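Remember, predicted model here, so these are calculated numbers, not experimental data.
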Amino acid sequence: MQLTGKQKRYLRSQANTMTPIFSIGKAGASEEWLAEVEKALAKRELAKVNVQQGAEWTAKALAAFIEEHSTITVPQVIGKTVLLYKEANDAKYVKYSIEVNRLA
């Protein structure tokens with residue numbers, strides 16, 4: 001999903017106070033890890049991932065891996081933190097996608 005500038009700005013503002021719920025360390029990212037992230041995003045829509053200091057991955061490389069191997073959108077990479085967004089399929093978990101779609 002390609003996001004506009006307004007949509008990215010809205011998602012960044014909503015994620016400003018969030019803490020990362022996933023971390024990437026020396027083990028790196030894998031398809032299994034990505035499946036767990038997708039499960040979490042199905043209920044949250046928006047999440048942060050932290051790349052730890054000893055990791056072989058950079059935040060930009062992680063963002064590219066995530067976008068290439070899933071339907072998750074990366075609205076922002078800042079420092080060692082990657083912001084992830086995926087629209088929820090279940091109506092009871094929809095929180096951010098209503099506003100994101102309105103801003104399109």
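- Linking ILVMFWY residues whenever their side-chain heavy atoms come closer than 4.5 Å, directly or via other members, leaves Leu62 and Leu83 in distinct clusters.
- Shown here for Lys48 and Thr81, the closest heavy-atom pair between the two residues is CD-CG2, 3.9 Å.
- Tyr85 places a side-chain heavy atom less than 4.5 Å from the side chain of Val100.
- Counting only heavy atoms from C-beta outward, the side chains of Leu3 and Tyr10 never approach each other to under 4.5 Å.
- A 4.5 Å side-chain heavy-atom check between Thr73 and Gln2 finds every atom pair outside the cut-off.
- Met18 and Leu41 fall into different hydrophobic clusters, where Ile, Leu, Val, Met, Phe, Trp and Tyr residues are linked whenever their side-chain heavy atoms come under 4.5 Å apart, directly or through other members.
- Taking both residues in full, the closest heavy atoms of Ser70 and Glu38 are given as CB-OE2, 2.8 Å, listed atom of the first, atom of the second, then distance.
- With rounding to the nearest 0.5 Å, the separation of NZ in Lys80 from OG in Ser23 is 11.5 Å.
- Gln7 places a side-chain N or O within 3.5 Å of a backbone atom of Thr4 that can act as its donor or acceptor partner.
- Nearest heavy atoms, Gly79 versus Ala59: O-CB, 3.4 Å.
- The side-chain heavy atoms of Asp90 and Lys43, taken from C-beta on, include no pair separated by under 4.5 Å.
- Rounding to the nearest 0.5 Å gives a distance of 12.5 Å between CG of Asn16 and CG of Leu11.
- Side-chain polar atoms of Thr71 and Lys86 form a donor-acceptor pair below 3.5 angstrom.
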Could you go through the side chain to side chain contact (heavy atoms under 4.5 Å, CB included) check for Ile24 and Gln52 one step at a time?
CA-CA 6 Å; Ile24 291 291; Gln52 294 179 351; over 6 Å; no
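- Contact annotation: the side chain of His69 approaches that of Glu31 to within less than 4.5 Å [non-hydrogen atoms, C-beta and beyond].
- Here the side chains of Val37 and Ile72 are in contact, with some heavy-atom distance below 4.5 Å.
- Here the closest heavy-atom approach between residue Ala42 and residue Tyr93 is recorded as O-CB, 3.7 Å.
- Heavy atoms only, all atoms of each residue included: Ala55 and Gly25 are closest at CB-O, 3.4 Å.
- Put simply, the side chain of Pro20 does not reach to within 4.5 Å of the side chain of Val49, judged on heavy atoms.
- The closest side-chain donor-acceptor pair between Ser97 and Glu45 falls under 3.5 angstrom.
- Between the side chain of Glu67 and the backbone N or O of Val74 there is at least one donor-acceptor pair closer than 3.5 Å.
- In this structure, the side chains of Gln14 and Leu46 come closer than 4.5 Å at one or more pairs of heavy atoms.
- Atom CZ of Phe65 is separated from atom CH2 of Trp57 by 5.0 Å, given to the nearest 0.5 angstrom.
- Distance CG/Leu84 to CG/Leu34: 9.0 Å, rounded to 0.5 Å.
- Under the 4.5 Å side-chain heavy-atom criterion for grouping Ile, Leu, Val, Met, Phe, Trp and Tyr, Val94 is not connected to Leu103 through any hydrophobic cluster.
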